[in-house]
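A quick write-up on the structure given underneath.
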Amino acid sequence: MKLNYDIEKYEVWTKTNDITFDRKLEYETAFDGIVKIYSLITDNWNLNSKLNGKYFGNFIHFSENGIFLRMFKSKKSWPKTRLVYLNFETEELTIIKKTNSSWNTWYGIDLGNGKHSIEIRPTEKVEYQIEK
């Protein structure tokens with residue numbers, strides 16, 4: 001595990017809907033640092049105001065007009081996390097579910113018509129309908 005996270009720099013993570021997401025490693029925890037915790041920035045100032053001061057994991061699932069993310073309560077709060085949705089049109093960050101899931105491999109499926117299923121542990125899925 002790295003101990004000096006201050007020297008980490010933002011690097012391109014993903015791009016969607018003409019928005020580039022960069023992330024910076026802020027902390028590692030769990031079993032030999034397997035859980036990585038990042039801060040995020042974009043090239044959209046309004047979205048950055050929603051992301052500022054928040055921390056996220058590796059999970060990302062795309063929808064037509066936004067993304068689902070795993071947001072940590074704080075840098076060192078693992079496994080206390082939230083499933084959130086960042087809507088690009090309304091520029092709102094919505095908390096969908098609070099969880100203590102220590103499972104690090106979340107997975108999303110697009111069910112069609114704005115409905116998504118997010119597996120947050122092998123025995124638990126969260127379905128979410130995106131408002132139009």
Side-chain angles (χ1 to χ4, degrees):
M1 283 196 298
K2 295 181 181 181
L3 300 177
N4 186 1
Y5 299 101
D6 293 334
I7 63 171
E8 295 292 327
K9 302 207 180 325
Y10 281 96
E11 296 180 3
V12 174
W13 182 33
T14 192
K15 184 174 182 169
T16 185
N17 293 56
D18 294 326
I19 301 168
T20 300
F21 284 81
D22 296 346
R23 68 183 182 179
K24 177 184 154 205
L25 183 64
E26 296 283 355
Y27 193 70
E28 299 165 281
T29 191
F31 315 103
D32 295 327
I34 195 167
V35 175
K36 310 286 189 209
I37 299 170
Y38 301 93
S39 55
L40 300 177
I41 59 171
T42 72
D43 50 3
N44 178 306
W45 184 87
N46 291 330
L47 293 179
N48 283 345
S49 68
K50 304 298 180 190
L51 301 171
N52 187 34
K54 296 176 177 65
Y55 302 98
F56 302 88
N58 283 320
F59 170 74
I60 187 169
H61 173 68
F62 301 93
S63 76
E64 187 176 323
N65 295 311
I67 57 172
F68 293 88
L69 298 164
R70 181 178 192 171
M71 185 174 79
F72 290 87
K73 187 175 178 182
S74 71
K75 276 191 226 188
K76 299 180 180 181
S77 68
W78 180 84
K80 293 180 183 174
T81 58
R82 295 163 168 88
L83 171 61
V84 299
Y85 181 69
L86 180 61
N87 187 314
F88 299 147
E89 290 181 345
T90 64
E91 297 178 339
E92 291 297 319
L93 183 69
T94 303
I95 296 172
I96 298 168
K97 179 162 179 79
K98 294 179 183 180
T99 180
N100 286 328
S101 172
S102 61
W103 195 44
N104 198 39
T105 311
W106 287 17
Y107 182 75
I109 298 172
D110 185 341
L111 301 174
N113 297 321
K115 192 170 191 176
H116 294 261
S117 176
I118 311 298
E119 188 173 322
I120 62 171
R121 61 179 64 155
T123 59
E124 185 178 5
K125 294 179 184 175
V126 176
E127 287 192 357
Y128 184 74
Q129 178 70 49
I130 298 170
E131 300 293 322
K132 294 201 177 205

- Query: Of the non-hydrogen atoms in His116 and Phe62, which two are nearest, and what is the gap between them?
  - Reply: CE1-O, 3.9 Å
- Task: Indicate, with yes or no, if Ile37 and Leu40 share a hydrophobic cluster defined by side-chain heavy-atom contacts under 4.5 Å among Ile, Leu, Val, Met, Phe, Trp and Tyr.
- Result: no
- Ion pair check, Glu26 and Lys75, cut-off under 4.0 Å: yes
- Query: Mind checking whether Trp106 and Ser101 have side chains closer than 4.5 Å, heavy atoms only?
  - Reply: yes
- Query: With the 4.5 Å side-chain cut-off for hydrophobic clustering, are Trp13 and Leu93 part of the same group?
  - Reply: yes
- Taking all atoms of both residues into account, what is the closest heavy-atom pair of Lys115 and Gln129, and its distance? CB-OE1, 3.4 Å
- Message: Are Phe72 and Ile120 linked, directly or through intermediate hydrophobic residues, by side-chain heavy-atom contacts shorter than 4.5 Å (ILVMFWY only)?
- Response: no
- Task: Identify the two heavy atoms, one from Tyr55 and one from Ser74, that lie closest to each other, and give their separation to 0.1 Å.
- Result: CD1-C, 4.0 Å
- Item | Arg23 NZ/CZ over Tyr38 ring centroid, <6.0 Å and within 45° of normal | yes
- Message: By the definition salt bridge (Lys or Arg N to Asp or Glu O under 4.0 Å), identify the one residue from Glu119, Glu124, Glu127 that meets it with Lys97.
- Response: Glu124
- Would you tell me whether Asn46 and Glu91 have side-chain atoms, one donor and one acceptor, within less than 3.5 Å of each other? yes
- Message: When you compare the side chain of Lys24 with that of Glu11, does any pair of heavy atoms fall below 4.5 Å?
- Response: no
- Hits for side chain to side chain contact (heavy atoms under 4.5 Å, CB included) against Ile41, two or more places apart or cross-chain, chain-then-number order -> Tyr10, Asp22, Asn48
- Message: Hydrophobic clustering (ILVMFWY, side-chain heavy atoms < 4.5 Å, transitive) - are Trp78 and Trp103 grouped together?
- Response: no
- What closest approach, in Å, do His61 and Ile109 show between heavy atoms, and which atom pair accounts for it? CE1-N, 3.6 Å
- Note on the structure: Closest non-hydrogen contact found for Tyr85 with Ser63 is OH-OG, 2.7 Å
- Item | Side chains of Phe56 and Leu51 in contact at under 4.5 Å (non-hydrogen atoms) | yes
- Item | Heavy atoms from other residues, nucleotides or ligands near CG of Asn113 exceed 12 (cutoff 6.0 Å) | no
- Message: Hydrophobic clustering (ILVMFWY, side-chain heavy atoms < 4.5 Å, transitive) - are Leu47 and Met71 grouped together?
- Response: yes
- Query: Any idea which heavy atoms bring Gly108 and Phe59 closest together, and the distance?
  - Reply: N-CE1, 3.9 Å
- Can you check whether Tyr128 reaches Leu83 side chain to side chain, under 4.5 Å on heavy atoms? no
- Item | Test item: Ile60 and Phe21 side chains (from C-beta on) under 4.5 Å apart, heavy atoms | no
- Is any side-chain heavy atom of Leu25 closer than 4.5 Å to a side-chain heavy atom of Lys36? yes
- Item | Exceeds 12 heavy-atom contacts within 6.0 angstrom, atom CG of Asn100 | yes
- Message: Taking the side chain as everything from C-beta on, heavy atoms only, tell me whether Thr99 gets closer than 4.5 Å to Arg121.
- Response: yes
- Query: So with a 6.0 Å cut-off around NZ of Lys98, is the heavy-atom count from everything else above 12?
  - Reply: no
